[in-house]
Every structure is written in structure tokens, then in C-alpha cells.
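Here's the structure we're looking at; comments come further down.
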There are 2 protein chains.
Amino acid sequence: MKKFPQRTVTRAFMYLRALDSLIEEGKAYVSSGELAAMTALTDVQIRKDISVFGKAGKPRVGYDTRRLKQLLEEYVVQNVVHVVLFGVGNLGSAILRYPGFQEDKIKMVAAFDSDPNKVDKAINGISIYSLDKAKLLIQKKHVEIGVIAVPKQASQQIADLLVSCGIQGIVNFSPTTITVPKGIFVKNIDLAVEFLSLFWDMNAKKAPRYA
Amino acid sequence: MKKFPQRTVTRAFMYLRALDSLIEEGKAYVSSGELAAMTALTDVQIRKDISVFGKAGKPRVGYDTRRLKQLLEEYVVQNVVHVVLFGVGNLGSAILRYPGFQEDKIKMVAAFDSDPNKVDKAINGISIYSLDKAKLLIQKKHVEIGVIAVPKQASQQIADLLVSCGIQGIVNFSPTTITVPKGIFVKNIDLAVEFLSLFWDMNAKKAPRYA
DNA sequence: ATTTAATCGTGAATTTTTTAACAATTAAAT
DNA sequence: ATTTAATTGTTAAAAAATTCACGATTAAAT
Ligand SMILES: NC(=O)c1ccc[n+]([C@@H]2O[C@H](COP(=O)([O-])OP(=O)(O)OC[C@H]3O[C@@H](n4cnc5c(N)ncnc54)[C@H](O)[C@@H]3O)[C@@H](O)[C@H]2O)c1
Ligand SMILES: NC(=O)c1ccc[n+]([C@@H]2O[C@H](COP(=O)([O-])OP(=O)(O)OC[C@H]3O[C@@H](n4cnc5c(N)ncnc54)[C@H](O)[C@@H]3O)[C@@H](O)[C@H]2O)c1
């Protein structure tokens, strides 16, 4: 797999999201300037990024939205990724209902909860199982990513479980640090941190920037 | 306000989160190496970052957890930030119940929903109002940040409303691009993007890295 | 057919960020 | 009291990312 600049890849996902909006509203071409306005980046940055993947634009008209989407996805979106969720509470059930997953790229395979009242049901077509089913299911379905949405007291325990099932990536919503062996990738999503860092950016009066 | 390297500030919030865990478990000192293991960064990076704010460590023992927390907060956490939420559905109510806000730093002031069945109630002590109350409340309580947790068809409309109320920062959970005037800061949180970019990182076999 | 204006694509310059190297400091061991 | 080992803090070097400057290309206008 060719190596692209780290930040370019991150931004590629922003472009893809913007392109989805544009395609949905029927726009056939978009210029780097328009994309810049949508993403709060600069037009130069965008052209440079795109050029890393190939030539996709036509001078004077801009980029074909569908073609650009295809180009970015070709390099940046891998095969379908399989995901499981732990903790079907307030947040967990909201996530199971999230309409943003495109089935051909992200497959939510199953959910798990320790509460017997929650298991053997389904939300949005996704079945909820007890924890003892986790290992078998994760391995059988080749699940790559686990989501932690349990109370923070339980999150390390679930992290350990995920690791023992052979999962390589974790998205952790609980507001606490989890410890995992080297080689496992963790992405923490903490609303408190989002607020504080956004507020910092606002006060630092930097050029606006999506993230 | 002194200017710190952008990335150092971002990481400072990660350090604060790790420090909270350490303090909670009663640890008085922590070395850059231990922090590195917790955050999947390197010890050098951490020392470099901290040195930007001041000298906070003692050779041979490391950093006093409480003191380091205080130092980072002094520079990186501003006054209390006031937040409102739009859309008290599955996700919105989970957010209102989020226990990770420290009242002295983040104040969730109010929530708004267009559904009459949801207004005039409260979740976790936070009152839910109809949309027409938004402007007055936001201005009276000096709200700086608005959260968008409405269905994606409504999110641009809410973004416009937030802007018209004078809000400077938006956290957008809806999986679509919103357009705002220059000078307004937007942070998008899109689970689909998180999965795809985490999966990219995993496959790119980069050194593990929290984010 | 020629000119004009918009836009892309890119090599070079600049800025920012990370990494490396190592001196200074301190606690503990002897 | 001296030595040893661990750890910080800083300066310099290297790497990565961004911005700049501008030529090339194309569609539209004349
Ligand atoms: N990042 C964010 O923005 C954000 C927002 C809201 C909540 N959160 C966090 O997400 C987590 C869940 O929040 P919530 O409001 O949904 O909580 P909740 O109490 O509603 O749900 C927790 C669920 O986890 C289950 N559970 C408990 N222990 C378990 C275990 N050991 N194994 C499996 N399942 C277990 C419970 O049965 C329950 O269904 C919390 O850590 C919360 O702090 C994060
Ligand atoms: N980022 C994520 O991880 C994530 C996860 C889940 C959901 N989401 C997104 O969050 C949003 C909300 O999801 P949900 O599952 O809570 O949806 P939901 O349908 O349960 O809730 C939406 C709420 O918004 C209210 N609403 C609708 N139109 C409104 C308007 N114009 N003004 C004010 N309120 C309005 C509805 O009354 C409802 O209470 C969606 O856009 C969804 O895609 C994001």
C-alpha cells in the first residue's frame, strides 16, 4: 500500500463527506475553492491533497464530484470494516440507530451488554448478545473494531476483553484512559475534550478550521 | 494570550484526561514514560510539550500529577464554557446524561427540540425548551457553543439559527456538511469517519497512536 | 480563430512539528 | 560522602506539512 501523507488522508475523509453532500444535491462539479469553503481549509491545500492521489480535475470547471469521490475512496477506504459495540445504554443505542453507516463500507455486526434485560433483542436489525458470546462472534465474523460505550468503571475490563478476542482497533467513548498492548489502535471520543479544545480554538482566534 | 504550538495544545487535553485517571487512582507522580504508554505517544514528545508551559517535573521522580494538571489547565482551559444542545433524541439525551462534564469548566445550559412532546421536561437537570426560546436564552446566558444532534435534514437550519443567535462554535453530530460564515468554528463528529480513518491507520500499520 | 478568465497541478520556499542527542538534576544505593 | 541510575529540560537536527508562485490547461466569450 502506497504511503500518503498522514494529514492528507485525514482530510480525504473530510472531502468525502463534503462530496456526499454535493452529490446528494445533484452537483456535478466542484472547485477547490468551493470545497475549501465547505471544509474551512484553503483551495491550495485541497488541490495539493488531491494531487497526491492523482489528477482528477479539469481546469476551468473543477472536479467531477463522483469521480473525485471514487478516486479518494479507491485509495483511502479499504474493504468493508466489521464493528461490534459494547454497552447498549443511552449512547450505545443511539449509535446502533446511527444512519450514517454505509453498509458497503461499515458493517455493525453485533452488540453486547451485561444486562440480561437487554440481550436477545435487536436495535435497527443489530442483535444484542451477552458478553460470553463475544469471543466466538468476533472471531467468526472477522471483526476489526470494537466500540466501548459502557460506564467508565467497566471500560478497561471491556478493553481487555476486546484485546483478548483479537480485535485491533477500539473506539472508546468512556471518559477515561484505557490501557492496551502496543499494536492496538485506540481512538477516544470525549465530548468534554471536544468542547474544551473547540473553545480553545475559538479563543485563540485561529483561522476557522473544521475537524 | 501566549501562543503555543497547535498540536501541543491538542495533546495537552489528552494529558489532562490521563492525569485525571491517575489522580483518581491516587498516583502522586508520573513519568513522561508512563504518560507515553497511556497516550501512545513518546516520552520525548511529552516532555517537549510540557516544557512549553513551564517546568513541572523533578528528575528521577517525574511530574507531580496534581501540579501538572494545574499547570496545563492554567494555560489550556479557559473560563467555564457554556453549551446548548439542539435535538433531544437518542443521541441528544445520551449527551445530556454524559457524566464527563466538570461543572466548573463546562456548563450545559439548556436543550432545545422542535417536538412539543419533549419540551418543558428536563434530563439530568437540564431543561428542554422549544426553539423559539433559543435566541433569548443563548444571549442571556452567554452561550458560546451549540451542539447539533438533530436529523441531518434539519442540521443546516439549526446551524443557521445558532449563527443568528451569535454563537461562535458548533459541534455537529449529524453526518452532513454544514455551511457557516467565516469566523465560526465547527467541529464535526461523525462515527462513520472515525471508523474509516481508524481502519486506515490500522492497515497503514503506523505506530499506535491515540486520537 | 483568438483572447480571456478561471482553475488545476506542481516544484520550490517556508513554516511547523517531531526526533535526536545530551547536559543537568535528583533520589537512592553503596 | 560518593557513586549510580533515572529522569527532566533544552538545543540542534531532521522530517513533515503548508504555503507560495506560477506555468499549463480548458471553457467561454468575443
Ligand atoms: N463521548 C461522549 O460524547 C459520550 C456521551 C455520552 C456518554 N458517554 C459515555 O458512554 C458510556 C455509556 O454512557 P450511557 O449514557 O450510554 O450509559 P448507560 O448507563 O445508559 O449505558 C451503559 C450500558 O452498558 C451496560 N454495561 C454495564 N457494564 C457492562 C459491562 N461490563 N459489559 C457490557 N455492558 C455493560 C449497561 O447494562 C448499559 O446498558 C459512559 O462511559 C459515558 O460516560 C460518552
Ligand atoms: N456522530 C455520531 O456518532 C452519531 C451517532 C448517532 C446519531 N448521530 C446523528 O445525530 C443526529 C440525531 O440522531 P438521533 O438518533 O438522536 O435522532 P432522533 O431522531 O432520535 O432525534 C432527533 C431529535 O431532533 C428533534 N428535531 C427534529 N427536527 C428538529 C429541529 N428542526 N429542531 C430541533 N429539534 C429537531 C426531534 O424531535 C428529535 O427529538 C442525527 O443526525 C444522527 O445521524 C450521530
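Lettering follows sequence order; numbering is per chain, from 1.
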Atom CD1 of A/Ile46 and atom C1' of C/dT10: how far apart are they, to the nearest Å?
-> 17 Å
Which donor-acceptor pairs under 3.5 Å do side chains of residues 100-113 of chain A form with protein atoms, sequence neighbours excluded?
unit_1	atom_1	unit_2	atom_2	d
A/Lys105	NZ	A/Glu73	OE2	2.9
A/Asp113	OD1	A/Asp115	N	2.8
A/Asp113	OD2	A/Val88	N	2.7

Please write out the pairs of protein N or O atoms and N or O atoms of nucleotides 12-16 of chain C separated by less than 3.5 Å, giving the distance to one decimal.
unit_1	atom_1	unit_2	atom_2	d
C/dA12	N6	A/Lys48	NZ	3.4

So, does A/Asn124 use its side chain to make a donor-acceptor pair with the main chain of A/Ile126 at under 3.5 Å?
-> no
Angle of first-five versus last-five pair axes in the helix from C/dA1-D/dT30 to C/dT30-D/dA1, to 10 degrees = 10°
Taking the side chain from B/Gln156 and the backbone from B/Ile178, do they hold a donor-acceptor pair closer than 3.5 Å?
-> no
Does CD in A/Gln139 sit with more than 12 non-hydrogen atoms of other residues, nucleotides or ligands closer than 6.0 Å?
-> yes
When rounded to the nearest 0.5 angstrom, what is the spacing between CG in B/Leu196 and CG in B/Asp201?
-> 11.0 Å
Spacing of B/Lys141 atom NZ and B/His82 atom NE2 [to the nearest 0.5 Å] = 8.5 Å
Atom pairs under 3.5 Å, N or O on each side, protein against nucleotides 6-9 of chain C: can you list them with distances?
unit_1	atom_1	unit_2	atom_2	d
C/dA6	O4'	A/Arg60	NE	3.1
C/dT7	O4'	A/Arg60	N	3.3
C/dC8	OP1	A/Ser32	N	2.7
C/dC8	OP2	A/Ser32	OG	2.4
C/dG9	OP1	A/Ala56	N	3.3
C/dG9	OP1	A/Gly57	N	3.1
C/dG9	OP1	A/Gly57	O	3.3
C/dG9	OP2	A/Tyr63	OH	3.0
C/dG9	N7	A/Arg47	NE	2.9
C/dG9	O6	A/Arg47	NH2	3.2

CD1 (A/Ile167) and NZ (A/Lys135) are apart, to the nearest 0.5 Å, by 11.5 Å
Distance, nearest 0.5 Å, that separates OG1 of B/Thr39 from CZ of B/Arg11 = 9.5 Å
Are B/Ile95 and B/Phe173 close enough, and set up right, to give a side-chain contact (heavy atoms from CB on, under 4.5 Å), and what steps lead you there?
-> CA-CA 11 Å; B/Ile95 291 172; B/Phe173 279 95; 3.6 Å; yes
Output for pair (B/Asp20 CG, B/Glu24 CD), nearest 0.5 Å, gives 8.0 Å
Point-to-point distance, once rounded to the nearest 0.5 Å, from CG of A/Leu161 to OG of A/Ser155 | 12.5 Å
Extract all donor-acceptor atom pairs below 3.5 Å that involve side chains of residues 58-65 of chain A and protein atoms in other chains or at least two apart in sequence.
unit_1	atom_1	unit_2	atom_2	d
A/Asp64	OD1	A/Arg66	N	3.0
A/Asp64	OD1	A/Arg67	N	3.0
A/Thr65	OG1	A/Lys27	O	2.8
A/Thr65	OG1	A/Ala28	O	3.2

DNA chain D: 5'-most and 3'-most nucleotides touching chain B, 4.0 angstrom heavy-atom criterion = D/dA5 to D/dA12
